[in-house]
Amino acid sequence: MILEIVILAMIAAFLGLRLYSVLGRRAEHEEESVPQRFDAGDKPQAQTPVAGQPAQPAPQRAIELEGVMPAVERGVREIANADRSFDIGQFMDGAKGAYEMVLEAFWQGDKETLRELCDDDVYAGFSAAIDAREEAGHTLENKLIRIEETRIHSASMDGRMARIAVLFVADIAAVTRDKDGVVVAGSLDDAIESRDVWTFSRNIGSRDPNWVLDETDEG
C-alpha cells in the first residue's frame with residue numbers, strides 16, 4: 001500500500017514538472033514586449049508635397065484683439081497678413097495722436113498740418129470750413145479735455161488699400177467768438193461729449209508708412 005502511494009506521488013511529480021516546462025516557457029514568451037511598428041531608428045519620414053498639390057498655407061501672425069466684432073477682427077488680420085510691418089498697437093497710438101493734431105489744426109486754421117494728415121477730399125472740407133469761419137470773422141477757442149474711448153469700428157482691405165475706421169469718444173469744450181471777441185456759441189466751462197468715426201487709409205504697396213485721414217463721420 002505504501003509502495004503504491006510512493007509510485008503515485010512520483011508519477012504526479014513527473015507530470016507536474018512536464019506541465020511547468022511547457023506552461024512556464026509559454027508564460028515567459030507572453031511576457032516579452034511586442035515590438036512597436038516604428039522603433040527609434042525607424043521613424044516615419046515626413047511627407048513631401050506632391051507636384052500639383054497646393055502647399056500648406058503659412059501660419060497667420062498672432063494679433064491680440066479683445067472685445068471686437070468678428071468682422072473687425074477678420075479685417076485687421078487681413079491687413080496684418082498683407083502688410084508685414086503693420087502693428088495694431090502702433091496704429092492705434094498713431095490714430096489717437098492724429099485725432100488730436102487734426103482737431104487742433106482745424107481749430108487754429110492750420111491748413112499746412114491738415115494737408116499733411118488728410119487726403120484731398122477731407123482736406124478740402126476742412127479748408128472750406130476754415131475759409132467760411134474766417135470770412136465770418138469767427139475764431140474758435142476749443143479745447144480737448146480728454147479722450148474717453150478709442151476703438152476700432154471697422155477694418156478692411158480693398159485691393160492694396162487698407163482702411164481702418166476708429167471710433168473716438170472725447171470730451172471737448174467749445175467756444176466760438178465773433179470778430180469783437182464776444183462769445184457767440186459754446187462755453188469753456190461745459191464740455192460736451194463728441195463721438196466721431198474717422199477712417200484712415202494707406203496703400204500697403206507704398207513706401208510711405210503713414211496713414212492719412214480719408215473720411216470723417218459722426219459716431
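On a predicted model such as this, the values are computed, not experimentally measured, just so you know.
Between E135 and R133 there is no salt bridge, since no side-chain N of the basic residue sits under 4.0 Å from a carboxylate O of the acidic one. Ion pairing of R202 with D83 is present here, as a side-chain N (NZ or NE/NH1/NH2) and a carboxylate O approach within less than 4.0 Å. A salt bridge does not link K96 with E100: none of the charged nitrogens is closer than 4.0 Å to a carboxylate oxygen. Between R163 and D214 there is a salt bridge, since a side-chain N of the basic residue sits under 4.0 Å from a carboxylate O of the acidic one. A salt bridge links E141 with R177: the distance from a Lys NZ or Arg NE/NH1/NH2 to an Asp or Glu carboxylate oxygen falls below 4.0 Å. Remark: D171 does not engage K143 in a salt bridge, criterion side-chain N to carboxylate O under 4.0 Å.
F200 and F168 have perpendicular rings, their planes meeting at more than 60° on a 0 to 90° scale where under 30° would count as parallel.
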_Residue pair R115, D120: steps toward the side-chain contact (heavy atoms from CB on, under 4.5 Å) verdict_ = CA-CA 8 Å; R115 176 70 280 181; D120 294 341; 2.9 Å; yes
Next item on the list: Evaluate side-chain contact (heavy atoms from CB on, under 4.5 Å) for V197 paired with V166, printing each intermediate quantity in order.
Entry: CA-CA 5 Å; V197 177; V166 180; over 6 Å; no
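Residues D119 and L213 form no side-chain contact, since every pair of their non-hydrogen atoms from C-beta on lies 4.5 Å or further apart. W198 has its side chain out of reach of D217: every pair of non-hydrogen atoms, C-beta onward, lies at least 4.5 Å apart.
The ring-ring contact (aromatic ring centres under 6.0 Å, His included) analysis of residues 111-166, with sequence neighbours excluded, yields the pairs F106-F126.
Residues I147 and L144 share a closest heavy-atom pair of CG1-CD2, 4.1 Å.
Residues satisfying the side chain to side chain donor-acceptor pair (under 3.5 Å) criterion with E116, sequence neighbours excluded, are absent altogether.
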